[in-house]
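Report on one structure; see the data block that follows.
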Amino acid sequence: MLSVLRVHLPSDIPIVGCELTPYLLLRRPDKTVTTDDVPESAPLDGHFLRYKWYRIQSDRKVAVCSVHPSEQATLQCLGCVKAKIPVAKSYHCSPKCFSDAWQHHRVLHDHAASSVNENGNEEEEIFGRFNSTGSGVVNATLTGSASSASLTNGSTSLYPAAVTQRSGGETWFEVGRSKTYTPSADDIGHVLKFECVVVDMEMKLPVGHPNTILTSRVIPAPSPIPRRLIPVSGTDMMGQLDSDGRISSSGTFTVLSYNILSDTYASSELYSYCPSWALSWPYRRQNLLREIVGYRADIVCLQEVQNDHFEEFFAPELDKHGYQALYKRKTNEVYGGNIHTIDGCATFFRRDRFSHVKKYEVEFNKAAQSLTEVAVQTTQKKAALNRLVKDNVALIVVLEAKFSNQGADNPGKRQLLCVANTHVNVPPELKDVKIWQVHTLLKGLEKIAASADIPMLVCGDFNSGPGSAPHSLLAMGKVDPLHPELLVDPLAILRPHSKLTHQLPLVSAYSPFARGVGLGLEHQRRKMDITTNEPLFTNCTRDFIGTLDYIFYTADSLTVEALLELLDEDSLRKDTALPSPEWSSDHIALLAEFRFQTRPRR
């Protein structure tokens, strides 16, 4: 007979919005073991599995700490309550917790501050009033009623939650009837219970005892302070909010570039400082999706997108938000893992803003084969390929804008845009390979530019810092022959150095922050390296902090209107690096708003 051998949950802490999928080990009637589901629609030897989820609600309401979500809150920031900041952000587990987090927490107050400042006892409002036990005044807003709850679980239809039993000051509400369950805001602070039982198909009655497992308390999904779009074009207004809340202005569009950190690379050994639940893919994918969708960019360039995650998650989820998806998976000559988990570059664009014209796929492995055929001696070919072949790719997409700022002077003129998306994932010591890959990409873009008068964007993670040879090639159009990185060239593929040039008028999108004046821009300027006109960092881990990601644009055809504000130490929690519960990649997203330049008629 069918029996359940083991039940466990892969994540130790349930988070709002992150699907819970229990792991079940079953024994079939033939004594073989399986992890396959046995639903009522496909019974096995007259038996199937029935699932139920319960929310266990205690008469004593519980709030959780906003900094340490696995801890119960003991005090509440009354300043947050007064400023109408989301209540979940106001709770802390101890005075020390609140004090340590104050530099970050005060930014919440700054963002929520109204134009009219109210006088009062600021210290009392901020820290709350402590009673004799040292606990703060906690105004928990967690509801103990599920009378209005209607929950969706897997493919199960909506149905109202039902009270199943009550004992010892606890009430069990049935909240789900499928194998998976996604915690909601109603579950915050409560323990969930999963129940699995074998059921006789004919009698519809349970056979044997149910297998159950309890979770820890459900915690809210941590949410970082929203990053604002800062105008840099000298205008006071940066466009209007359209009907869905997206920043838009006639003739402008926004572009996002983001290395989202592939799950393959997100190991607990490498990112030991990040809580395991925040490093898990079920949590990170939801947090990343919320962040990406929240930017409402017209064009989205993502790097380190696993093949299976693109097909099963990002493409269908972003399709719901009006995006068309294009993808280029890395080649697998070096990669030895599962072909479905190899990562690549994904480019999305809003169907109401752009249409797809053409796609080019660049495989640097093929370019390496061609190079070694003509430029490397036969005895060195194998060694050359071992050095050059790194499976990296670039995805180049030509789009046509469905909007225009050309005006009446150019009626019917097609406004094209070329967007390159790449990830130059090369070991640091192979400096020649990085330069060669960037140069190869730029030469390909030059050919496209020669065939059409088309604005260009070059986005991605280049794994090269400001001032490096690849960055110089991108930003300056050439590399100084005396640049020290050119000394690393065992295959002589960079010689003569005079060939390391291109004619594209590329400028880094974030450079206006380094030149800007004014209150908003001055604050951003402090986050820039004014010697290179690049952000101080786009990647921040315990072992490395620096800039690796860029958005370049052709300055003769595009103008930067606004930029997404950069993160700084105040934006990251004290003593933490990325990824973190708030930010689910070790990189930060870059976003720029552009305007097509109106060119005079010839």
Side-chain angles (χ1 to χ4, degrees), residues 2-28 33-42 44 48-56 69-70 151-159 161 173-188 190-199 210-222 260 262-264 266-268 274-290 306-317 320 338 340-341 581 584:
L2 181 67
S3 60
V4 180
L5 298 178
R6 184 184 178 196
V7 180
H8 87 272
L9 287 167
S11 178
D12 53 347
I13 299 179
I15 305 112
V16 170
C18 296
E19 185 179 79
L20 295 171
T21 304
Y23 172 85
L24 298 176
L25 188 63
L26 310 175
R27 176 178 284 130
R28 294 192 183 101
V33 175
T34 182
T35 58
D36 295 338
D37 194 13
V38 184
E40 187 174 2
S41 58
L44 187 62
F48 66 93
L49 295 178
R50 177 183 293 163
Y51 308 109
K52 287 187 178 181
W53 286 89
Y54 301 95
R55 178 195 308 136
I56 302 176
S70 60
L151 302 168
T152 303
N153 299 282
S155 59
T156 307
S157 303
L158 289 172
Y159 62 93
F173 289 95
E174 183 185 320
V175 294
R177 294 180 183 173
S178 71
K179 183 178 179 180
T180 62
Y181 179 70
T182 302
S184 70
D186 289 332
D187 299 317
I188 294 175
H190 302 293
V191 171
L192 298 175
K193 177 182 177 181
F194 172 71
E195 180 181 282
C196 171
V197 65
V198 177
V199 176
N211 290 265
T212 63
I213 189 169
L214 297 177
T215 72
S216 55
R217 297 186 186 276
V218 176
I219 64 172
I260 62 171
S262 167
D263 186 45
T264 302
S267 67
S268 56
C274 183
S276 59
W277 59 266
L279 201 57
S280 70
W281 181 242
Y283 172 76
R284 289 206 307 118
R285 71 176 187 177
Q286 294 294 341
N287 205 34
L288 286 165
L289 181 66
R290 275 194 294 266
Q306 286 186 198
N307 190 36
D308 54 341
H309 294 165
F310 173 79
E311 295 178 353
E312 299 169 9
F313 184 72
F314 285 109
E317 288 299 323
K320 298 175 186 176
N338 187 331
H340 298 294
T341 60
S584 288

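For the numbers below, each heavy atom of this structure counts, side chains included, while hydrogens, waters and symmetry mates do not.
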> Considering residues at least two apart in sequence or located in another chain, which fulfil the side-chain hydrogen bond (donor to acceptor under 3.5 Å, both in side chains) criterion with D308?
Replying inline: Q306
> If we only count heavy atoms from C-beta on, is the I213 to Y23 side-chain gap below 4.5 Å?
Replying inline: no
>> The criterion is side-chain contact (heavy atoms from CB on, under 4.5 Å); which residues satisfy it with E311, sequence neighbours excluded?
In response: N307
> If you look at every heavy atom in E195 and Y54, which pair is closest and at what distance?
Replying inline: OE2-OH, 3.8 Å
> Side-chain contact, heavy-atom cut-off 4.5 Å: E19 with P282?
Replying inline: no
> Just wondering, do R55 and L192 contact through their side chains at under 4.5 Å, heavy atoms?
Replying inline: yes
> Listed by chain and number, what are the side-chain contact (heavy atoms from CB on, under 4.5 Å) partners of C18, not counting sequence neighbours?
Replying inline: I15, Y283, Q286
>> Working to the nearest 0.5 angstrom, can you tell me the gap between T35 OG1 and L25 CG?
In response: 7.5 Å
> So how far is it from D187 CG to Y181 OH, rounded to the nearest 0.5 Å?
Replying inline: 3.5 Å
> Just wondering, do V38 and V198 contact through their side chains at under 4.5 Å, heavy atoms?
Replying inline: no
>> Would you compute the distance between atom NZ of K193 and atom CD1 of I56 and round it to the nearest 0.5 angstrom?
In response: 6.0 Å
> Excluding sequence neighbours, so at least two apart, what forms side-chain contact (heavy atoms from CB on, under 4.5 Å) with T34?
Replying inline: L26, R28, D36
> Side chains of S276 and S268: closer than 4.5 Å at any heavy-atom pair?
Replying inline: no
> Does F313 have any ring pair (Phe, Tyr, Trp, His ring centres under 6.0 Å) partners at least two apart in sequence or in another chain, and if so, which?
Replying inline: none
> For the side chain of R284 and the backbone of S584, is there at least one donor-acceptor N/O pair under 3.5 Å apart?
Replying inline: yes
> When rounded to the nearest 0.5 angstrom, what is the spacing between CZ in R6 and CG in N211?
Replying inline: 12.5 Å
> Ignoring hydrogens and geometry, is there a side-chain-to-backbone donor-acceptor pair from W277 to P14 under 3.5 Å?
Replying inline: no
> Who passes salt bridge (Lys or Arg N to Asp or Glu O under 4.0 Å) against E40, sequence neighbours left out?
Replying inline: K204
> Of all heavy-atom pairs between L20 and P183, which one has the smallest distance, and what is that distance?
Replying inline: CD1-CG, 3.9 Å
> NE2 of H190 to CD1 of I219: how many Å apart, nearest 0.5 Å?
Replying inline: 14.5 Å
> Under a 4.5 Å cut-off applied to non-hydrogen side-chain atoms, are H340 and E312 in contact?
Replying inline: no
>> Test of understanding: with side-chain contact (heavy atoms from CB on, under 4.5 Å), list the residues that count as partners of P39, not counting sequence neighbours.
In response: D37, S41, A42
> Taking C-beta and beyond as the side chain, do L24 and C196 meet within less than 4.5 Å on heavy atoms?
Replying inline: yes
> To the nearest 0.5 Å, how far apart are CZ in F194 and OG1 in T215?
Replying inline: 12.0 Å
>> Any non-hydrogen side-chain atom of L49 less than 4.5 Å from a side-chain atom of L2?
In response: yes
> Counting heavy atoms not belonging to R290, are there more than 12 under 6.0 Å from its CZ?
Replying inline: yes
